[in-house]
Amino acid sequence: MSPNDDFESSLLSFEKLDRASPDLWPEQLPGVADFAASCKNPITNSPPKWMAELESEDIEMLKGKLGSLTTANLMEKVKGLQNLAYQLGLEESREMTRGKFLNILERPKK
């Protein structure tokens, strides 16, 4: 046995690390563990949780209009929706500020 082998064997660790601990091994991408767990479930006839609240016209739009889009067109649609949400947020902020200046949001004094 060479001195090199003794050195390498002294570096070995037999400590067992609990990989279940979220503090020691935080999730790299939030939500990935939940998604992976949902993919492991056997395929059933029940719709996924996110589809439970959709109405029939919403499902038809998903299948018909959005399902036929190419990846680039779908990304363009998503960007448009993000821009719309941002614009709505700005408009809501302006209206809340306007309401504050007009004192329409104040509670009546007793």
Side-chain angles (χ1 to χ4, degrees):
M1 190 182 268
S2 70
N4 222 6
D5 290 337
D6 288 337
F7 177 71
E8 286 181 14
S9 64
S10 71
L11 294 176
L12 290 177
S13 172
F14 298 103
E15 181 180 2
K16 299 285 185 200
L17 296 178
D18 181 16
R19 290 189 173 269
S21 170
D23 296 329
L24 290 176
W25 308 99
E27 194 173 10
Q28 295 294 322
L29 297 172
V32 171
D34 295 333
F35 177 74
S38 72
C39 289
K40 289 180 183 177
N41 294 339
I43 297 174
T44 60
N45 290 337
S46 63
K49 285 188 272 185
W50 61 268
M51 281 189 73
E53 297 176 6
L54 295 179
E55 296 175 3
S56 60
E57 62 187 36
D58 298 328
I59 295 172
E60 288 304 315
M61 184 185 72
L62 284 173
K63 289 180 180 176
K65 293 181 182 176
L66 300 178
S68 62
L69 294 176
T70 64
T71 305
N73 290 343
L74 188 58
M75 291 301 295
E76 205 54 43
K77 183 77 169 171
V78 168
K79 286 179 187 176
L81 290 172
Q82 287 175 332
N83 289 337
L84 179 62
Y86 179 76
Q87 292 299 324
L88 286 173
L90 290 177
E91 186 178 334
E92 181 182 19
S93 175
R94 281 192 297 269
E95 292 298 321
M96 291 299 289
T97 302
R98 183 174 170 226
K100 180 180 174 185
F101 287 136
L102 294 173
N103 292 326
I104 61 172
L105 299 176
E106 263 187 28
R107 291 187 178 149
K109 295 180 181 176
K110 292 183 179 180

Nearest 0.5 angstrom please: [X] [atom1] to [Y] [atom2], how far?
X: F101; Y: N103; atom1: CZ; atom2: CG; answer: 10.0 Å
X: N73; Y: K65; atom1: CG; atom2: NZ; answer: 14.5 Å
X: E91; Y: R98; atom1: CD; atom2: CZ; answer: 10.5 Å
X: E95; Y: L88; atom1: CD; atom2: CG; answer: 11.5 Å

Self-check item: Check ion pair E60-K63 (N to O, under 4.0 angstrom)
Solution: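 So E60 does not pair with K63 through a salt bridge.
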Quiz item: So do K100 and T97 actually touch side chain to side chain, heavy atoms under 4.5 Å?
Solution: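 The answer is no; the side chains never approach within 4.5 Å.
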When hydrophobic residues are tied together by side-chain contacts of less than 4.5 Å, even through go-betweens, does [X] share a cluster with [Y]?
X: I59; Y: L66; result: yes
X: L90; Y: M96; result: no
X: L74; Y: M61; result: yes
X: L62; Y: V78; result: no

Quiz item: Between the main-chain N or O of G64 and the side-chain N or O of S68, is there a donor-acceptor pair closer than 3.5 Å?
Solution: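 Yes, the answer is positive, given that a donor and an acceptor are paired below the 3.5 Å cut-off.
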